[in-house]
Amino acid sequence: AQSVTQLDSHVSVSEGTPVLLRCNYSSSYSPSLFWYVQHPNKGLQLLLKYTSAATLVKGINGFEAEFKKSETSFHLTKPSAHMSDAAEYFCVVDGGSQGNLIFGKGTKLSVKP
Amino acid sequence: EPEVTQTPSHQVTQMGQEVILRCVPISNHLYFYWYRQILGQKVEFLVSFYNNEISEKSEIFDDQFSVERPDGSNFTLKIRSTKLEDSAMYFCASRDRGQAFSNQPQHFGDGTRLSIL
């Protein structure tokens, strides 16, 4: 069965410093992995996706993630945090043939001025 | 860019009443989903729908729940005899079939916050 584990429930960074949100996955086959972001009182917006092409995936708003099979990780990074990046971030794995998604518990990112 | 739209944004209902949550998926999408997020918990899959029938459902999706695509645009989630524990944010999502199914991400609506009193 597929699953994802987000290693931090809350990450706090200063504006302009790097962001690292950690995610490990478990999958019985080559997974499709996603990062979604949820701003307060908003829906889930796709940041980026990995689907067995390039292992370094670039997404919107300067985010990127690297798929590391040997470490079963798919960490999300951004070189320089912006205040508008404050939100909850979900690491997600494609759960089955019908495409249902399996979500991690989420990491709340706070950005200090 | 096309969007998934959900109505209402907030629904308050008395326990035991029926509630219908509505979604308009992106027009050329073929797969439709409902998820829920209880406050403080992770987003959970409820059901997927394709070709006018349920293709997969989770343990949460019991006889209390049903889905329907009554016309070419709407996709609804009905909860019969609501319970306090049904209070949650409910998200609708849709997905294109595409040539490589796993490459197609799901697009989510902004959600309906359901409060059961």
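Naming convention: chains lettered A, B, ... in sequence-line order (proteins, then strands); numbering from 1 in each chain. None of these values were measured; they are calculated from a predicted model.
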Those residues that, when tested against S84(A), pass side chain to side chain donor-acceptor pair (under 3.5 Å) (two or more places apart):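 With neighbours one apart ignored, the set is H82(A).
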
Test salt bridge (Lys or Arg N to Asp or Glu O under 4.0 Å) applied to K42(B) - qualifying residues, sequence neighbours left out: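 Scan of K42(B) (salt bridge (Lys or Arg N to Asp or Glu O under 4.0 Å), adjacent residues dropped) gives none.
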
Structural part of E88(A) lying under 4.5 Å from a heavy atom of chain B: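 Neither the backbone nor the side chain of E88(A) comes within 4.5 Å of chain B.
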
Heavy-atom contact with chain B under 4.5 Å, split by part of L46(A):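 Contact with chain B is through the side chain of L46(A) alone.
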
Criterion ring-ring contact (aromatic ring centres under 6.0 Å, His included) on Y36(A) and F90(A), from CA distance to verdict: CA-CA 5 Å; Y36(A) 282 84; F90(A) 294 95; 8.6 Å; no

Atom CG of L39(B) with >12 non-hydrogen neighbours under 6.0 angstrom: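 No.
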
Heavy-atom neighbours of D71(B) CG exceed 12 at 6.0 Å: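 More than 12 within 6.0 Å, yes.
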
Chain B neighbours within residues 104-113 of chain A, where any heavy atom lies under 4.5 Å away: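 If one takes a 4.5 Å heavy-atom cut-off, the residues of residues 104-113 of chain A near chain B are G104(A), K105(A).
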
Under 4.5 Å from any heavy atom of chain A - which part of E44(B):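 Contact with chain A: none, neither part.
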
Test ring pair (Phe, Tyr, Trp, His ring centres under 6.0 Å) applied to Y89(A) - qualifying residues, sequence neighbours left out: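 Checked Y89(A) against ring pair (Phe, Tyr, Trp, His ring centres under 6.0 Å); matches are F63(A).
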
Salt-bridge criterion met for R95(B) and D94(A) (N-O under 4.0 Å):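 The answer is yes: the pair qualifies as a salt bridge.
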
